[in-house]
Amino acid sequence: MEGGSPGRVSLGSGRKQSSASSSRSRLPGSSSHACKDFLSKFVDSEILTLTLEDWLSGRSGESGVQQPVLDVPFDLAELKKFDYALEGVAFQQLVRMPNALYASTGAVQAIAHLAIEDFLHAAVKGLWERFWGHESALPFTVQCIHSTSARFYPAEEALARDKLDGVCATAILFKGSRGSGGYSSSRGKWDQILELALLRPDIGSLSARQNDGQRPSHSVLGEALFFALRVMLSRSLSKSRTAARNSNCMYVLLVDSQYGGVVKVEGDVRTLEFDSSNVYDCAADWIKMNAKITVSPVDRVWNKLGNANWGDVGTLQILLAIYHSIILFCGPPKYALEDLATEHSSRIQSRRSERALTDCSEVGDSTSMVNGNRLFGSENRGCSPEIVEVQEETVDVRPPEETLKLDIGSVVAMEDADFRKEYEINDILSDSDPPIYHSNPVDEPSRGYLLYVGSSPSHLEPAWEDMNSWYQVQRQTKVLTLMKQRGLSIKHIPQIVASGRLVHPGDCNKPSNGVSCGHPWCGTPILVTSPVGETVSNLIQNGLFGAEDALKCCHDCLTAISAASSVGIRHGDIRPENVIRVTSGSRNPYFVLIGWGHAILEDRDRPSMNLFYSSTFALQEGKLCAASDAESLIYLLYFACGGVSIELDSVEGALQWRESSWSKRIIQQRLGDVSAVLKAFADYVDSLCGTPYPINYDIWLRRLRRVINEDHGKEIDTSG
């Protein structure tokens, strides 16, 4: 899942520069040079694991070498006190962890990496605000580490660069602050690593049964020790005083799609023998003789829906490890854990008052004291009924038998009631949900169309992503058909060419009253539209979206919005991936508004929610106002024209950004740098946001046409 075999990580030469970035450290000059040379050759986790195998298995016969006694880093009492201190903290993982990771497709693998990043961000953010307060900005970021280039970047960037297979770990990085021993570079380095998470597909299944629970397998444990030692050595070489003084302790998290555990490594790395000709034996000897290793039991972290069990043991031990790692870099918290935990007692009393349980104050010997809090014992069930834990039933979650994946050169056969046609895939326009392909009819290779492929009805139950894909293809087919029936035909809105069902291999024995014959591809909906173009998101990414494109895009999308609204349809999902620029078959390039799968046909319909591009009214009310599509178009143009990229992780944050940007006229000023008419249009839309007043499309379309004609000396083709 992480590139190569799950138990092997081979680091590229780029890690030498990252880990040896300091000329001043705790190590003397000669030792510093030796350590740098050592790190440059200490790159393969599997060799270290093999070197430690006998010792980890208790088979080592070396004299003077004690067999490992792996204690736990946190006892149950400590976890309980930590749990009390976290009461009321609203951790929220927005990207759900997909289940059945072992049989995962590429898409599920990507979601898993996004989910672990989001989990770590939610964890470190919640802990920082709980114990260190809201006053100072979060001094951490979460990024992936690539095994071959030693580069740090978010999982989304790794996905965009098609480098997800090389991701070997996910790290919480300490950004620090200027003047406080922090870091000024935005690119992550190994000595910035606060904590590492290894996402592997076998943490729970390969765990060894111990007397006190599940323990990680030797292969996973060896990999964790490898990463821990690398980080500790990198810290010892760091320019940052904060990192250098914390080179004697490191926490590594081990997680899969359901389970997780913690490995803690402590020891003075200055005692390691830096023999560059025998790095793995030296590292193994240091681990055996000088390191203290504690390993938590492997316990469940995520439930079957992919939500983290924030209050359970598995997640609490991960949170507690992150808490201690933050203390290493940022010092003691503003609000002490013990003080927050004692507030549990007052909350108990408040709850008793709510339930009018004042008669139970005299419970005598039937009460017990836990962490200083007076709790009711099981003998007094008449006063405080005990909550009984119900064992979770095992649910058989089976992965889809076979997922349809189309590659360039694939031929797709589609049939409807009256015809059958084959299309060859020649490019993948977008790998969004649903994916969009460039295709050519096999019998007419000179023609190009966009091809949308949904999910089979047989896949709808286990995965929301599949349901969303199936729904959008079906919905867009309905919307485009409705537009055609209502006489709407302009070149800035895609035209439906064909729609039907995928023809799967083998015989189809679908019953007359059923939707599927049982084949995993049976009933898969397909939609074919025209014309073909390149998405605005690709144009932006490749630096091909200029001022002229911004004016034309605004004019053409506004034309599409105006035409659709005239027949009672609103788009509801305007973003760069849903606008294409068409260059073939026309004198001048033009833009087409695609992706009508979330279109609003009636009041009960709900638009797509996007933190960057949805209108303010849509985020607040869950529906569109008259100016919502135009407001989304403004956000598209703002970011396409170089607007400052922001990090939005909640609806509240998105609304605050909108309020601040409009009030400070940041959006208007950015668009004003491109064209005065775009700035004026943004002001006009701002005045209508959230109101029932309709937009006067004709006036703004005329103004945009006039500016484009004046600036470029050519007429815009306004014909349908």
Side-chain angles (χ1 to χ4, degrees), residues 105 107-108 400-407 410-442 448-485 493-532 569 571-573 577-578 580 594-601 605-606 608:
T105 63
V108 174
E401 302 173 30
E402 190 176 358
T403 302
L404 177 62
K405 182 179 180 181
L406 300 179
D407 298 316
S410 302
V411 175
V412 179
M414 184 194 70
E415 68 176 358
D416 200 351
D418 303 323
F419 70 93
R420 172 171 173 160
K421 202 172 186 69
E422 293 182 340
Y423 297 88
E424 181 177 359
I425 306 299
N426 59 44
D427 197 5
I428 301 174
L429 178 68
S430 171
D431 58 358
S432 58
D433 189 18
I436 309 173
Y437 305 94
H438 281 180
S439 66
N440 304 103
V442 173
Y449 300 119
L450 293 185
L451 184 76
Y452 297 81
V453 180
S455 295
S456 167
S458 63
H459 291 176
L460 299 188
E461 184 176 348
W464 165 251
E465 292 83 2
D466 290 330
M467 178 178 288
N468 188 42
S469 173
W470 178 88
Y471 173 82
Q472 283 204 55
V473 174
Q474 297 284 67
R475 178 76 172 180
Q476 185 165 206
T477 302
K478 175 182 177 180
V479 171
L480 295 181
T481 301
L482 186 61
M483 287 180 176
K484 188 174 182 180
Q485 292 172 351
I493 292 178
Q495 303 299 309
I496 187 168
V497 175
S499 65
R501 297 290 181 269
L502 177 75
V503 179
H504 61 75
D507 297 330
C508 182
N509 302 315
K510 181 178 69 176
S512 57
N513 60 346
V515 295
S516 172
C517 69
H519 191 282
W521 297 357
C522 188
T524 299
I526 293 180
L527 172 65
V528 182
T529 68
S530 177
V532 168
I569 299 175
H571 190 279
D573 190 22
E577 294 79 8
N578 282 338
I580 60 173
I594 64 172
W596 292 82
H598 286 286
I600 306 301
L601 303 178
D605 294 337
R606 290 294 176 261
S608 173

Closest contact, heavy atoms only, [X] versus [Y]:
X	Y	result
P494	P531	CA-CD, 4.5 Å
K421	P441	CE-CB, 3.8 Å
I569	A599	CG2-CB, 4.1 Å

Flag, side chain of [X] to backbone of [Y], donor-acceptor distance under 3.5 Å:
X	Y	result
E415	A413	no
H438	L451	no
H571	G595	yes
N578	D573	yes

Taking side chain as C-beta onward, heavy atoms only, is [X] less than 4.5 Å from [Y]?
X	Y	answer
P525	R501	yes
R420	V503	yes
L480	W596	yes
Q476	T481	no
L482	L601	yes

- request: Report the residue from N426, L429, V453 that forms a side-chain contact (heavy atoms from CB on, under 4.5 Å) with Y437.
  value: V453
statement: Test side-chain contact (heavy atoms from CB on, under 4.5 Å), reference I580, set V532, L450, I436, output is L450
statement: Distance col, row I496:CD1 vs S530:OG, nearest 0.5 angstrom, shows 11.5 Å
